[in-house]
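See structure below.
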Amino acid sequence: MKDLGPLCLVIAVVLTMACGNGEDSPVSTTPDQGPFDDAPRTGNIVFSPGDIRSTTQWGTDDYELNAAAVRGDTFAVSVSYSGGCRAHRFTLVAAEAFMESDPVKLDIAIAHDADGDPCEAYPTEDYHFILDPIKARYKASYGSGPGTIVLGLDRASDGSLVYTFD
């Protein structure tokens with residue numbers, strides 16, 4: 001009987017390559033590097049009228065917020081979720097209007113669209129949202145700055161983060 005080792009190796013390589021292509025490939029191919037790693041994904045920011053928590057347009061799938069921070073003009077989050085077979089999208093949904101206070105407040109929420117992912121892995125990923133659209137909206141309403149906005153994140157343990165800019 002011939003040695004089937006080389007044939008099995010070729011089959012394994014072909015199957016591995018086939019699984020790594022297409023829409024159903026894993027979301028993350030790099031190991032977790034902890035909260036706020038050097039290669040986060042960039043998410044979109046949208047403004048929504050009304051209650052941002054009831055907006056379903058950008059996704060309503062569950063996730064766990066592990067950490068959130070404002071660093072310069074970037075809002076960084078670490079999230080975990082069930083899935084791993086399809087691309088997931090996280091969107092930062094911001095209210096259209098600031099709440100008048102000193103400093104002003106802006107409610108924000110993170111929407112998650114899992115694209116019907118049936119897998120049960122539990123990946124953790126970092127996302128960055130560039131806050132320039134929020135800064136531009138502030139400057140259009142209150143002048144060129146400097147400015148401070150209290151971001152009321154619906155899932156944050158203390159509920160708010162401070163965004164300060166020039």
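The residues of the chain are indexed from 1 along the displayed sequence. These numbers were taken from a predicted model, which means no experiment stands behind them.
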Report task. Would you please indicate yes or no on a ring centroid separation below 6.0 angstrom for Y163 and Y138? Result -> no
Query raised in the report: Does L65 share a hydrophobic cluster with V150, counting links as ILVMFWY side-chain heavy atoms below 4.5 Å and allowing steps through other members?
Result: no
Query - Evaluation steps, side chain to side chain contact (heavy atoms under 4.5 Å, CB included), between D113 and T91 - result: CA-CA 8 Å; D113 179 1; T91 303; over 6 Å; no
Query raised in the report: Out of curiosity, I110 CD1 to Y63 OH, how far, rounded to the nearest 0.5 Å?
Result: 4.0 Å
Query raised in the report: About how many Å separate CD1 of I108 and OG of S48, when rounded to the nearest 0.5 Å?
Result: 13.5 Å
Query raised in the report: Are I45 and I130 connected in the hydrophobic side-chain network, where two residues link if heavy atoms are under 4.5 Å apart?
Result: no
Query raised in the report: Should we say atom CD of E100 is surrounded by more than 12 heavy atoms from elsewhere, each under 6.0 Å from it?
Result: yes
Query raised in the report: Within the distance-only criterion (no hydrogens, no angle test), does the side chain of Y81 pair as donor or acceptor with the backbone N or O of H88 below 3.5 angstrom?
Result: no
Report task. Considering non-hydrogen atoms only, spot the tightest contact between L153 and A68 and give its length. Result -> CD2-CB, 3.9 Å
Report task. Please report the closest heavy-atom contact between P123 and G83, naming both atoms and the distance. Result -> CD-O, 4.1 Å
Requested in this report: With sequence neighbours excluded, give me every salt bridge (charged side-chain N to carboxylate O under 4.0 Å, His left out) pair touching residues 127-142.
Outcome: D73-K135
Query raised in the report: Do W58 and N44 have side chains that get closer than 4.5 Å, going by heavy atoms?
Result: no
Requested in this report: Work out which heavy atom in D61 is nearest to a heavy atom in A114; give both atom names and the distance.
Outcome: OD2-N, 2.6 Å
**Report entry** Worked verdict on V77 versus F129 for side chain to side chain contact (heavy atoms under 4.5 Å, CB included)
**Finding:** CA-CA 9 Å; V77 296; F129 301 90; 3.9 Å; yes
Requested in this report: Would you confirm whether D115, through its side chain, and R86, through its main-chain N or O, come within 3.5 Å as a donor-acceptor pair?
Outcome: no
Report task. Find out whether M99 and D107 are in side-chain contact, i.e. whether some heavy atom of one side chain is under 4.5 Å from a heavy atom of the other. Result -> yes
**Report entry** Stepwise side chain to side chain contact (heavy atoms under 4.5 Å, CB included) check, L131 with V70
**Finding:** CA-CA 9 Å; L131 296 173; V70 175; 4.2 Å; yes
Report task. Apply side chain to side chain contact (heavy atoms under 4.5 Å, CB included) to the pair Y142 and I149, showing each step before the final yes or no. Result -> CA-CA 11 Å; Y142 300 104; I149 304 168; over 6 Å; no
Query raised in the report: Which residues pass the side chain to side chain donor-acceptor pair (under 3.5 Å) test with S80, sequence neighbours left out?
Result: N66, T124
Query raised in the report: From S78 OG over to E64 CD, what is the distance, rounded to the nearest 0.5 angstrom?
Result: 9.0 Å
Requested in this report: Look only at the side chain of D117 and the backbone of G84, and say whether a donor-acceptor pair between them is shorter than 3.5 Å.
Outcome: yes
**Report entry** Euclidean distance, F98 CZ relative to K105 NZ, rounded to 0.5 Å
**Finding:** 13.5 Å
Report task. Quick one: closest heavy-atom pair of A111 and V93, and the distance? Result -> CB-CG2, 4.0 Å
**Report entry** Validation row: R41, F90 side chains within 4.5 angstrom (heavy atoms)
**Finding:** no
Query raised in the report: Do you know the tightest heavy-atom contact between A94 and L106?
Result: CB-CD2, 4.1 Å
